[in-house]
Amino acid sequence: MDPMDSGMRYNPRSPDPDWDPSLQFLPASDSKRLEKKKGLSKKMAVLAVVVLAAVIALIIGVLVWHFHFRKARVPKIYSGSLRITNKDFLEAYENPNSTEFRVLAEKVKGELKTIYSGNPQLSKYYTSSTVHAFSEGVIAYYLSEFNVPVGQEAAVDSAIVAVDKTANARKASRRFTEHLNLDSVVSGAVDPRMARAARQGSCRHYIHAQADKTLTLQSPGFPDTPYPPNTYCEWQLRADLRHSIKLDFITFSLENDCSKDFIKVYDSLVPLEARAMSEKCSFFGPNERLSYISSGNVMLLTLVTNELKNFPGFRANIAQIPQGDPACGGLLTGDIGSFSSPNYPGFYPTSKKCVWNIKVTPGKYVKVIFKQFLLLEPGVFPNQCTKDVVVVNGERLCGEKPENTVVSSRSNEITVTFTSDETFVDRGFLAEFKAFDPSDPCPGKFKCNNDLCVSESLKCDGWNDCGDNSDEKKCSCSSDQIQCKNSLCKPKFWLCDGVDDCGDNTDEQQCGCKDGEYKCRNGKCISEKMKCDGQDNCGDGSDESECPKSSVVQCTEFTYKCKNSVCITKLNPQCDGMDDCTDGSDEQDCECGTRPYKTSRIVGGQEAEVGEWPWQVSLHIKGSGHVCGASVISNRWLVTAAHCVQDDSKVRYSQPSVWEVYLGLHTQNQPDKNTVKTGLKRIIAHPNYNHYTFDNDIALMELDNPVTLSKLIWPICLPTSTYVFPAGKSVWITGWGATKEGGFGATVLQKAEVRIINDTVCSSLMNGQTTSRMLCAGVLTGGVDACQGDSGGPLSSIEVNGRLFLAGVVSWGDGCARRNKPGIYTRVTQYRQWIKQTSGL
């Protein structure tokens with residue numbers, strides 16, 4: 001309906017029964033006629049009021065429409081590219097200030113206006129277009145703006161797609177010389193975060209790579225100051241014809257949350273989402289390479305920042321490489337070899353196809369083993385493989401695959417095809433191929449169903465070493481194993497540990513409570529239906545302490561207490577990103593536990609990445625080197641083990657003056673510009689530490705001066721006294737300790753993943769030497785553990801949103817990495833009140 005047709009209407013043919021349209025009124029002199037005239041005057045007055053009201057209503061309606069509905073619009077920006085087939089590329093087209101650029105840009109804008117005017121959904125909302133660049137081809141890159149009514153955004157998005165198809169379909173009929181012949185029209189909505197940022201502040205840079213020379217770009221202010229807030233910057237990167245751009249980040253440090261600060265790389269010269277290659281934030285060290293290659297000779301790098309938490313930024317190198325490089329596909333021969341996706345371990349290019357034909361000795365079969373496989377793409381579900389994909393003898397692989405994923409052939413040949421589409425790229429894969437004798441595919445080893453070969457000792461040990469669980473099938477369980485109903489064998493020390501290790505709950509049945517019952521922490525059994533019903537059915541509150549949603553209950557030792565003294569039932573509400581306390585206290589003081597990576601002296605571990613564990617501290621005795629580890633809990637305080645600071649006949653370890661503290665250290669004896677060396681003001685060991693039993697093995701250290709926190713020096717979160725680290729949970733140990741029992745300390749910081757072990761099981765394995773203030777963690781088959789030199793270091797638990805909490809402090813163990821001998825850690829939750837009273841944290 002036209003808005004002008006809305007509102008009340010006046011109808012002169014009133015249905016009033018006193019009104020007879022056949023009567024005629026003539027002038028009269030008698031009183032009766034005068035009375036009749038008086039009555040008519042009253043009706044006319046009423047009629048005038050009605051008309052006036054209708055006019056006012058109409059005016060109000062028009063004003064409401066004009067000032068509300070007409071103005072309820074949002075700007076929508078679409079980026080796009082199109083090829084002009086009847087123009088030759090001129091060098092002047094690279095310069096947006098040249099006459100040639102301006103003339104051609106005006107023609108492109110005219111063509112765009114014509115295209116949009118042909119679509120009713122777009123013509124009435126179209127505002128303007130801007131041409132940002134041209135590249136060889138001739139390809140024009142543009143932005144078009146529309147003023148779209150609220151609620152019509154999706155319709156306009158669809159109309160843009162339809163226009164692209166129409167423009168491409170009719171390109172052959174555009175033959176007039178005054179028009180441009182258009183081809184390959186692609187457009188789409190600009191990322192809203194980028195569109196908003198572009199309005200706040202922007203900077204633009206134009207860089208043409210040079211042959212045999214590396215150029216450098218960096219974020220604004222780098223390295224002297226953090227990048228500015230509320231900024232949109234872009235770098236248009238070009239290479240010579242028949243060359244590609246290679247972008248390598250040397251340093252990269254942005255805010256962790258990509259909804260706030262991020263970079264985005266495009267295989268284009270405008271932010272065209274159909275050509276987006278990658279979006280990154282957070283911190284990447286030198287060992288985690290960010291490297292991108294364009295499919296053509298252009299690339300766009302963008303930086304978007306918000307108003308808070310500015311970080312150092314980045315520096316990157318730009319070079320041009322001949323198209324066709326890096327190596328991609330080909331014939332591989334011999335009985336063993338390796339190959340990888342283009343640019344590995346950097347990111348593979350878009351729009352790439354590589355085919356490897358592998359041939360080994362006739363009479364043998366061949367298998368491909370993927371050592372690393374990362375082909376993740378936003379919006380693609382696992383095993384969908386609709387975009388980037390590796391095809392091996394007809395089997396399609398995508399997403400993230402476990403290490404040592406194997407695909408085999410039943411001949412001496414195998415074909416591997418890698419294909420990437422036009423959007424988002426990943427690191428790709430590293431693979432090796434091996435020939436094997438079909439009659440004896442794994443000499444001296446166990447052959448998995450996926451043709452992986454593993455040690456015979458790993459068969460039926462309760463661990464999925466093959467990756468497809470085939471080493472754990474058809475097993476005859478030994479006396480020290482659980483016979484699961486699904487035929488798996490699991491170590492008996494996992495029996496009744498609260499974790500479903502069998503997968504069918506065999507190991508957790510008959511553990512004191514019947515099926516359908518919940519076992520309280522005090523041993524009482526209640527119906528599962530009573531769990532999280534708001535009532536303390538256990539009597540100790542434990543049935544209400546592990547609920548996904550919080551409700552207010554009476555305070556117990558198992559409930560979380562807010563600062564306003566209200567207790568809630570939700571399990572581990574602290575710093576989980578949700579306000580569970582009405583006063584918001586569960587989300588206060590949460591600037592902790594974050595790592596610069598978006599993914600101790602450790603036996604069986606691996607080298608950590610630079611900055612991966614920013615709370616890890618190395619404690620040195622002056623003149624003697626590394627002795628113990630510690631954890632940063634604030635800019636002034638560290639947590640370590642009490643046994644690290646006990647005097648002996650030679651060294652007074654309890655005295656601050658004998659210690660040197662290294663924060664932000666990665667490699668022993670190789671401090672760098674990120675390492676802070678400082679001293680101690682005081683050392684406070686727990687007053688009830690028992691040097692015979694290692695009970696209460698915890699101490700606090702105060703630095704002589706507060707340190708400046710950074711990406712490489714950052715506190716780990718301290719859990720509340722009610723925080724639960726359940727049995728079976730994976731946790732991490734880190735440190736520079738000995739890498740084998742009786743061995744030497746590690747030079748580079750080590751890390752290893754272990755899991756928390758049930759208290760009852762732990763007590764049994766350690767012959768009753770543990771207390772309630774101790775926590776057990778390890779790999780009970782042996783091979784992974786903390787050792788001498790790791791003491792005092794953190795046991796880090798990854799919790800909600802990737803935030804890490806200090807679950808334990810490395811304390812003691814029976815040797816190092818022995819079978820069925822877990823590591824023992826001080827349980828930090830037992831000391832939260834003591835830490836607060838002592839340090840104020």
(message) Taking the ring centre of each residue, are Tyr116 and Phe146 less than 6.0 Å apart?
(response) yes
(message) If we count only N and O atoms by modelled type, under 3.5 Å, do the side chains of Glu234 and His205 hold a donor and an acceptor together?
(response) no
(message) I'd like to know if Arg73 and Glu153 make a salt bridge, using a cut-off of under 4.0 Å between side-chain N and carboxylate O.
(response) no
(message) Is it the case that the side chains of Tyr292 and Asp248 hold a donor-acceptor pair, with the cut-off being a distance below 3.5 Å and no angle test?
(response) no
(request) Assess the side chains of Tyr93 and Glu91: does a donor N or O sit below 3.5 Å from an acceptor N or O? (result) no
(request) Could you tell me whether Phe101 and Phe134 have their ring centroids closer than 6.0 angstrom? (result) yes
(request) Decide whether His208 and Asp240 meet the rule of one side-chain donor and one side-chain acceptor closer than 3.5 Å. (result) yes
(message) What's the separation between atom CD in Glu111 and atom CD1 in Ile84, rounded to the nearest 0.5 Å?
(response) 8.5 Å
(request) Mark yes when over 12 heavy atoms from residues, nucleotides or ligands other than Asp88 sit less than 6.0 Å from its CG; otherwise mark no. (result) no
(message) Could you check whether the SG atoms of Cys258 and Cys281 sit less than 2.5 Å apart, since that is the cutoff I want to apply?
(response) yes
(request) Answer yes or no: does atom NZ of Lys371 have more than 12 heavy-atom neighbours from other residues, nucleotides or ligands under 6.0 Å? (result) yes
(request) To the nearest 0.5 Å, tell me how far Leu303 CG sits from Cys203 SG. (result) 7.5 Å
(message) Less than 3.5 Å apart, any donor N or O on the side chain of Thr415 or Trp356 sitting next to an acceptor on the other?
(response) no
(message) Side chains of Asp267 and Ser295 only: does a donor on one sit below 3.5 Å from an acceptor on the other?
(response) yes
(message) Between Tyr141 and Ser135, is there a side-chain donor-acceptor contact under 3.5 Å, judged purely by atom types and distance?
(response) yes
(request) Answer yes or no: is there an ion pair linking Lys711 with Glu255, defined by an N-O contact shorter than 4.0 Å? (result) no
(message) For Lys87, is the NZ atom crowded, meaning more than 12 foreign heavy atoms sit under 6.0 Å from it?
(response) no
(request) Could you tell me whether the side chains of Glu145 and Tyr126 share a donor-acceptor contact shorter than 3.5 Å? (result) no
(request) Apply side chain to side chain donor-acceptor pair (under 3.5 Å) to the pair Thr423 and Glu377, showing each step before the final yes or no. (result) CA-CA 8 Å; Thr423 60; Glu377 187 156 355; 2.7 Å; yes
(message) Is it the case that the ring center of Tyr348 lies less than 6.0 angstrom away from the ring center of Phe429?
(response) no
(request) Would you check if there is a donor-acceptor pair between the side chains of Asn95 and Tyr206 at a distance under 3.5 Å? (result) no
(request) To the nearest 0.5 Å, tell me how far Ile318 CD1 sits from Thr214 OG1. (result) 9.0 Å
(message) Could you tell me if Ser291 and Asn343 have a donor-acceptor pair between their side chains, going purely by distance under 3.5 Å?
(response) yes
(request) Establish, from distance only, whether the side-chain atoms of Gln152 and Tyr125 form a donor-acceptor pair under 3.5 Å. (result) no
